[in-house]
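Heads up, the thing below is written out as structure tokens.
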2 protein chains.
Amino acid sequence: MRQMFNSLQVEDGILSVRAAQQIQERIRSGELRRGDRLPSERELSEYLGVSRTVVREAIKLLKAMGLVRVRQGVGTFIAEPGPEILEAPIAALMGSGPKVIADLHQVREILEPPIAAMAAQNAAEDHIARLEQAMHDMEANIFHLERYIEADQRFHSILAEATGNSVLQLVAYSIVDLMQRERHLCFASPGATQRGCYHHQRILEAVKARDSQAALAAMQDHLGQIRDDITPNIQSLLSAQEMTETAEDGA
Amino acid sequence: MRQMFNSLQVEDGILSVRAAQQIQERIRSGELRRGDRLPSERELSEYLGVSRTVVREAIKLLKAMGLVRVRQGVGTFIAEPGPEILEAPIAALMGSGPKVIADLHQVREILEPPIAAMAAQNAAEDHIARLEQAMHDMEANIFHLERYIEADQRFHSILAEATGNSVLQLVAYSIVDLMQRERHLCFASPGATQRGCYHHQRILEAVKARDSQAALAAMQDHLGQIRDDITPNIQSLLSAQEMTETAEDGA
DNA sequence: TCGGTCATACTGGTCGTACCATTGCATTTC
DNA sequence: GAAATGCAATGGTACGACCAGTATGACCGA
């Protein structure tokens, strides 16, 4: 039924790449499921008919793709493909600068209001319960920034998950996560967490009431507030950056 | 010359990961620029004080991240980070199924109308010229599907680029590209290319007129047409998939 | 019997060498 | 001068040895 492996006419003769594709194929086909331990490198090398060097490089590729998790002394395991595997490529793609922060926020302003509206329509009871938990955690930690940010991020993740759209969830998670890395920008203003709680509360109530219009509006207000908080900081950073670049040009 | 590398107290003892970070750091800092060739593996291993195995695995990681391009017999080069490096992780993350196609399209419906509106506001003359070129290529190839699809994709990419938002460009490119892979769904209906030309023409004219509202509406209509084209196909695929799953359950 | 210690047999991580395959360039040859 | 040749450098593969964690179970003492 599945000798499709050989049918992959991979022009890339590199054995390690091909080996990685073979393993990947076995994962995708369900032959190996998440959490499973795949054979040891020595076994794989014998099974695939290549040296352990090749197997190791193949696993290295899979690891970079986030498909496996390697634990020394234990084994290599199929990882649950989490949205975080996008972070590295995205981060590598666009070194972080103030301009990128502004761009990120702009994308959020496009994506998240519709997400909130969809969540209000499609959220299951379980999602609402988890949203309330996240809401509670935020309110309990308005002075504990680390925990507050975690709950904040969790809130938005659950919202994206509640849409039932896996792609949306993926993209939204990546954007929010990259955004939160610049937490010192978003939460520099005094009272930012309190204002955040207020807006999140409005979003949550709209979702519970299944009012997608209200959810959309609440999310727009929320993001507008964040924009107001970060804009002055970004402005100063942008001007600082320009000065630096000017200085470099002169050097 | 620069033993700054030693100052990185990376707790992750894995040498290859650390080596990859060191090289990555040198790229990010501008010490190595895109297109540059980095030292040979043998030189790097000596310079970093590790074996060539480690250097190779580090390069493998960078390659998976899309940061370098390796050419046998020539060397390893810093790659221009293109948006396509996101495709592999995204594709790996969500095996393609009819549900994913529908989700992808939904995200497009959220993202692209605002993109068109922003492009109408911010497009430079150069962008408009390239949009006209893409438009022309589409009209010239309404019966040559391969070329038509290429021009179609190019049109949307230029539009995203014209927004001036790098993150938006990145996300939109990934979505559109993944979408186009299911071209047999999007262009199965007769006359799909002609209808596409009509809508693209409307979008282009709105952008040229700097009318963001019209651009937004035109893009909405365009995506709505695509949705009408693909919906029946997806429905049949979904039902077929359910039948397969039912059969597997019985087995 | 219970509980801790330690030997052991895995696992992945690193190393070094040798060799193969491809490429680019200098040299030779016509 | 142009084509063929040879050489040197690069990345790709292989093998074998050993290092470094981890889990397991045998062992021994209380």
Side-chain angles (χ1 to χ4, degrees), chain A residues 5-6 8-24 26-27 32-80, chain B residues 5-6 8-24 26-27 32-80:
Chain A
F5 297 172
N6 303 336
L8 298 172
Q9 71 291 11
V10 187
E11 94 295 343
D12 198 5
I14 284 88
L15 288 181
S16 61
V17 175
R18 202 158 38 179
Q21 288 175 337
Q22 289 181 7
I23 298 173
Q24 195 173 351
R26 293 218 286 170
I27 297 175
L32 295 171
R33 296 172 180 277
R34 83 167 238 192
D36 282 0
R37 213 198 80 187
L38 50 81
S40 72
E41 298 179 349
R42 291 164 177 92
E43 284 175 324
L44 273 177
S45 73
E46 185 180 3
Y47 177 60
L48 297 177
V50 296
S51 73
R52 195 181 151 212
T53 309
V54 172
V55 173
R56 281 188 58 76
E57 297 198 343
I59 291 179
K60 223 73 185 179
L61 282 173
L62 296 178
K63 180 185 173 187
M65 283 192 272
L67 284 180
V68 300
R69 174 150 174 261
V70 180
R71 294 174 60 193
Q72 181 176 181
V74 184
T76 303
F77 301 84
I78 312 297
E80 73 284 22
Chain B
F5 297 168
N6 302 339
L8 298 170
Q9 71 292 11
V10 186
E11 93 295 341
D12 194 5
I14 285 85
L15 288 181
S16 59
V17 175
R18 200 159 40 179
Q21 289 174 335
Q22 291 178 3
I23 298 173
Q24 197 172 351
R26 294 220 285 172
I27 296 175
L32 295 171
R33 296 171 181 277
R34 81 169 241 190
D36 283 359
R37 212 199 83 188
L38 49 82
S40 74
E41 297 178 351
R42 291 166 177 90
E43 285 176 324
L44 274 177
S45 73
E46 184 181 4
Y47 177 59
L48 296 176
V50 296
S51 75
R52 194 180 153 211
T53 308
V54 171
V55 172
R56 281 188 59 76
E57 295 197 345
I59 291 179
K60 224 72 185 180
L61 283 173
L62 297 178
K63 180 185 172 187
M65 284 193 274
L67 284 180
V68 300
R69 174 150 174 262
V70 181
R71 294 173 59 194
Q72 180 177 180
V74 184
T76 304
F77 300 84
I78 311 298
E80 73 285 23

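Reminder, nothing fancy here: chain letters follow the sequence lines and each chain counts from 1. In this text the structure is predicted, and so the values were computed from the model without any measurement.
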Of A:Val54 and A:Gly73, the one whose closest DNA chain D nucleotide lies more 5': A:Val54
Give the rounded distance in Å between these two atoms: CD of B:Glu41 and P of D:dA9. 16 Å
To the nearest angstrom, how far is B:Leu15 atom CG from D:dG21 atom C1'? 14 Å
Could you check whether A:Thr53 gets within reach of a base, just the sugar-phosphate, or nothing at all, counting any heavy atom under 4.0 Å? base
Is there a side-chain contact between B:Gln24 and B:Leu62, using heavy atoms and a 4.5 Å cut-off? yes
Is the phosphate of C:dG12 approached by A:Thr76 (side-chain N or O, under 4.0 Å from OP1 or OP2)? yes
Tell me whether the OP1 or OP2 atom of D:dT10 has a side-chain N or O from B:Ser40 closer than 4.0 Å. yes
Quiz question: going by heavy-atom distance under 3.5 Å, is there a donor-acceptor pair between the base of C:dG13 and the side chain of A:Arg71? no
Does A:Gly75 or B:Val50 map to a spot on DNA chain C nearer the 5' end, using the closest nucleotide for each? A:Gly75
Is there a donor and acceptor pair closer than 3.5 Å between the side chain of B:Arg52 and the base of D:dG12? yes
To the nearest Å, how far apart are B:Leu44 CG and C:dG16 C1'? 17 Å
Mind calculating the distance between CD (A:Glu57) and P (C:dC15) to the nearest angstrom? 15 Å
Atom CD of A:Glu43 and atom P of C:dG12: how far apart are they, to the nearest Å? 8 Å
Calculate the interatomic distance between B:Arg56 atom CZ and D:dG12 atom C1'; express it in whole Å. 5 Å
My understanding is that only residues two or more places apart in sequence, or in another chain, count here; which of them pass side-chain contact (heavy atoms from CB on, under 4.5 Å) with B:Gln72? none
Expressed in angstrom and rounded to an integer, what is the separation of A:Leu61 atom CG from D:dT13 atom P? 11 Å
Exercise: identify the closest heavy-atom pair between A:Pro39 and A:Leu44: O-CD1, 3.7 Å
Listed by chain and number, what are the salt bridge (Lys or Arg N to Asp or Glu O under 4.0 Å) partners of A:Arg52, not counting sequence neighbours? A:Glu41
